[in-house]
**Q** 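Before anything else, here's the structure in question.
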Amino acid sequence: MLLKDKVCIITGGAVQIGRAFAEQLLKDGAFISIFDLDSDSGELCCAELQQQFGKNRIIFCHCDVTDYTQFEESFLTTKDTFGRIDILVNNAEIQNDKFWELETDVNLNGFIRGTLLAYQFMSKGKGNGGTIVNIGSSCSTKPFVSSPIYTATKHAIIGLTKAYGDQYHFNQTGVRVICYCVGPTESDSISHSRQNNNTPNHERARKIDMQGMRYQKLDHVAKELIPIILNASSGSLWLVKNDEKSKEIPYSNEIF
Ligand SMILES: NC(=O)c1ccc[n+]([C@@H]2O[C@H](COP(=O)([O-])OP(=O)(O)OC[C@H]3O[C@@H](n4cnc5c(N)ncnc54)[C@H](O)[C@@H]3O)[C@@H](O)[C@H]2O)c1
Ligand SMILES: *[C@@H]1O[C@H](CO)[C@@H](O)[C@H](O)[C@H]1NC(C)=O
Ligand SMILES: *[C@@H]1O[C@H](CO)[C@@H](O)[C@H](O)[C@H]1NC(C)=O
C-alpha cells in the first residue's frame, strides 16, 4: 500500500497527536479529512496545513463522535470532496474518569461508530477496502491505577481490533484493522483533560503509572505510524513509547 493520494480521516485530529498524524500523512502525499468537536482548533489546523500542503489536500468536518448522524455526514462530506475513503484513524478521546459515561461514549463507542461507518464506506463492493487504525495507549495492556475506566476503554479497543482485524472479516471486507498504542507524549498547554479527580490521591497514582515512562516527541509518534499503516498485518497491535522504534505487542488467542 502506498500513501500517495490515499484519503484519510482522523478523528480528534485538530490538536496534538491527531494533528501530528495529519501533518505526517500529508507529507507522504495523502488527502486528509479532520473530524473534531472543537471547531476553532479544527479550522485553525486546517488553514495552517492548507497553507503548507495546498488548499485541496485537507478539509475539516465539525463532528462529535458520540453522534452517529454527524459522524455519518462527515464521512459523506469526505467522500463527496475527495471521491473515496481509504483510511480511518480512530483517535478522538477524553481522559477523565469523573465523566466516565462520556469518556466511554467517546473512547469506546466513538471507535465503534467509526468502525461501522468505515465498513459502510470502505468494504469491498461499496469501496476499495482500506485500513482502520485504532489509537490505544500504554494502558491498553498495562493498567493505569490513576484511570481505571480510561484503562477499560483502551483495553476494549484491543478486543475490537483483534476480532474485526481477524482474517475472517478481512476476507469479506478487504479492510485491515490495526491498533497503535501510544505511550506518554509531550503536550502543549491546550491539553487539559488529564486531571482525573476521581481517584483518591491522584498524583501518587499518576507517579506509579509513569514508572519507566518518559514523555516522547509528537513527531516521533507520527513518524512511527507510517510503516505500520503501510505494512502491518490486520489484527496486529503496536506500541510506541519513550521515543523508541515501535514494537509489536504479543497477544494470546488461547482459552485458559
Ligand atoms: N497524549 C498522550 O500522552 C497519550 C498517551 C497515550 C495514548 N494517547 C492516545 O492518543 C490519542 C490522542 O491523544 P491526544 O493526547 O492527542 O488527545 P487530546 O486530548 O490532546 O486531543 C483529543 C482531540 O479529540 C477531540 N475530541 C474530544 N471529544 C471529541 C468528540 N466527542 N468528538 C470529536 N472529537 C473529540 C478533542 O477536541 C481534541 O481535539 C488518544 O486516543 C489517546 O488515548 C495519548
Ligand atoms: C480467507 O481467504 C483465504 C483465501 O481465499 C482462505 O484461504 C482462508 O481460509 C480464509 N480465511 C478465513 C478465516 O476465512
Ligand atoms: C515492510 O515489511 C517488510 C518485511 O518485514 C520490510 O522488509 C519492509 O522494509 C517494510 N516496509 C516498511 C515501509 O516498513
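For the single chain, residues carry numbers from 1 onward in sequence order. In listed order, ligands and their atoms are each counted from 1. Computed from a predicted structure; not experimentally measured.
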**Q** Taking only heavy atoms of Asp64 into account, list the atoms of ligand 1 that are under 4.0 Å away from them.
**A** 30 (C), 31 (N), 32 (N)
**Q** Looking only at non-hydrogen atoms, find the nearest pair between Ile58 and Cys46 and report the distance.
**A**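 Shortest heavy-atom contact: O-SG, 3.8 Å.
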**Q** Does an N or O from Ser137, backbone or side chain, lie closer than 3.5 Å to an N or O of ligand 1?
**A** no
**Q** Do other residues, nucleotides or ligands put more than 12 heavy atoms under 6.0 Å from Lys217 NZ?
**A**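 Incorrect, the count does not exceed 12.
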**Q** With a cutoff of 4.0 Å, is Arg19 in contact with ligand 1, counting heavy atoms of the residue only?
**A** no
**Q** Contact between Thr11 and ligand 1, counting heavy atoms under 4.0 Å?
**A**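 Flag not set, Thr11 not near ligand 1.
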**Q** Mind checking whether Phe31 and Phe82 have parallel, tilted or perpendicular rings, split at 30° and 60°?
**A** tilted
**Q** Distance-only, no hydrogens or angles: does the Asp209 side chain make a donor-acceptor pair with backbone N or O of Val145 under 3.5 Å?
**A** yes
**Q** Indicate yes or no: at least one non-hydrogen side-chain atom of Leu102 is less than 4.5 angstrom from one of Asn96.
**A**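 Side chain of Leu102 against side chain of Asn96, heavy atoms only: no contact under 4.5 Å found.
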**Q** Between Gly18 and ligand 1, is there a nitrogen or oxygen pair with a distance under 3.5 Å?
**A**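 Such a contact does not occur with ligand 1.
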**Q** Compare Thr185, Val240, Asp105 and give the one whose heavy atom is closest to atom 2 (C) of ligand 1.
**A**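 When every heavy atom of Thr185, Val240, Asp105 is considered, Thr185 comes closest to atom 2 (C) of ligand 1.
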**Q** Go through ligand 1 atom by atom and flag the ones less than 4.0 Å from a non-hydrogen atom of Gly136.
**A** 7 (C), 9 (C)
**Q** Please indicate whether any nitrogen or oxygen in Tyr215 is less than 3.5 Å from any nitrogen or oxygen in ligand 1.
**A**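 No - when backbone and side-chain N and O of Tyr215 are compared with those of ligand 1, no distance drops under 3.5 Å.
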**Q** Do Gln120 side-chain atoms and Leu116 backbone N/O form a donor-acceptor pair below 3.5 Å?
**A** no
**Q** Number the atoms of ligand 1 from 1 as they appear, then name those within less than 4.0 Å of a heavy atom of Ala92, with their elements.
**A**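 That gives atoms 24 (O), 34 (N), 35 (C) of ligand 1.
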**Q** Rounded to the nearest 0.5 Å, how far does NZ of Lys142 lie from NZ of Lys241?
**A** 11.5 Å
**Q** If I compare all heavy atoms of Arg214 with all of Asn242, which pair ends up nearest, and what's the gap?
**A** N-OD1, 2.9 Å
**Q** Going by atom types alone, do Glu224 and Tyr180 pair a side-chain donor with an acceptor below 3.5 Å?
**A**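 No.
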**Q** So if I count the atoms of ligand 1 from 1 in the order they appear, which ones are less than 4.0 Å from some heavy atom of Ile135?
**A**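 Heavy-atom distances to Ile135 below 4.0 Å select 9 (C), 10 (O), 11 (C), 41 (O).
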**Q** I'd like to check whether Ile17 has a polar contact with ligand 1, where a contact means an N/O of the residue lying under 3.5 Å from an N/O of the ligand.
**A**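 Yes, at least one N or O pair falls under 3.5 Å.
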**Q** Using the ring of Tyr251 (Phe, Tyr or Trp, six-membered ring only), decide whether Lys162 places NZ or CZ under 6.0 Å from its centre and within 45 degrees of its axis.
**A** yes
**Q** Mind listing the closest non-hydrogen atom pair of Ile157 and Ile135 along with its distance?
**A**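 Shortest heavy-atom separation between Ile157 and Ile135 comes out as CD1-O, 3.4 Å.
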**Q** Can you find a non-hydrogen atom of Phe35 under 4.0 Å from ligand 1?
**A**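 It does not; every heavy atom stays at 4.0 Å or beyond.
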**Q** Below 3.5 Å, N or O to N or O, backbone or side chain included: is there any such pair between Thr66 and ligand 1?
**A** no
**Q** Which atoms of ligand 1 sit under 4.0 Å from any heavy atom of Gly183?
**A**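 With Gly183 as reference, the close atoms of ligand 1 come out as 5 (C).
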**Q** Where the closest heavy atom to atom 13 (O) of ligand 1 is concerned, which of Gln70, Glu93, His62 has it?
**A**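 Comparing heavy atoms across Gln70, Glu93, His62, the nearest one to atom 13 (O) of ligand 1 lies in Glu93.
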**Q** Considering only heavy atoms of Pro184, which atoms of ligand 1 have at least one such atom less than 4.0 Å away?
**A**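 Counting atoms of ligand 1 from 1, those under 4.0 Å from Pro184 are 3 (O).
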**Q** Can you tell me which portion of Ser187 lies within the under-4.0 Å heavy-atom range of ligand 1? Options are side chain, backbone, both, or neither.
**A**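 For Ser187, there is no contact with ligand 1 at all, from either part.
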**Q** Using distance alone, decide if ligand 1 has a nitrogen or oxygen within less than 3.5 Å of any nitrogen or oxygen in Gln16.
**A**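 It does not: no N or O of Gln16 is found under 3.5 Å from an N or O of ligand 1.
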**Q** Would you tell me which option among Asn96, Val89, Leu37, Asp36 has the nearest heavy-atom contact to atom 37 (O) of ligand 1?
**A**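 The nearest heavy atom belongs to Asp36.
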**Q** Looking at Val182, which atoms of ligand 1 are within less than 4.0 Å of one of its heavy atoms?
**A** 5 (C), 6 (C), 7 (C)
**Q** Working to the nearest 0.5 Å, report the span between CD1 of Ile178 and CD1 of Ile229.
**A** 7.0 Å
**Q** Within the 4.0 Å heavy-atom shell around Asn91, which atoms of ligand 1 are there?
**A**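 So the atoms of ligand 1 that pass are 10 (O), 11 (C), 12 (C), 40 (C), 41 (O).
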**Q** Who pairs with Asp105 by salt bridge (charged side-chain N to carboxylate O under 4.0 Å, His left out), at least two apart in sequence or on another chain?
**A** Arg113
**Q** Below 4.0 Å from ligand 1: does a non-hydrogen atom of Ser41 turn up there or not?
**A** no
**Q** For ligand 2, what N or O to protein N or O distances fall under 3.5 Å?
**A**
residue: ligand 2; atom: 2 (O); partner: Asn171; partner atom: OD1; Å: 3.1
residue: ligand 2; atom: 2 (O); partner: Asn171; partner atom: ND2; Å: 2.3
residue: ligand 2; atom: 11 (N); partner: Asn171; partner atom: ND2; Å: 3.0
residue: ligand 2; atom: 14 (O); partner: Asn171; partner atom: ND2; Å: 3.2

**Q** For the side chain to side chain contact (heavy atoms under 4.5 Å, CB included) test, which of Thr11, Val182, Asp36 pairs with Asn91?
**A**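 Option passing the side chain to side chain contact (heavy atoms under 4.5 Å, CB included) with Asn91: Thr11.
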**Q** Is there a donor-acceptor contact under 3.5 Å from the side chain of Asp86 to the main chain of Cys8?
**A**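 Flag not set: sc Asp86 to bb Cys8 has no pair under 3.5 Å.
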**Q** If you take all heavy atoms of Val221 and Phe21, which pair is closest and at what distance?
**A** O-CE2, 3.8 Å
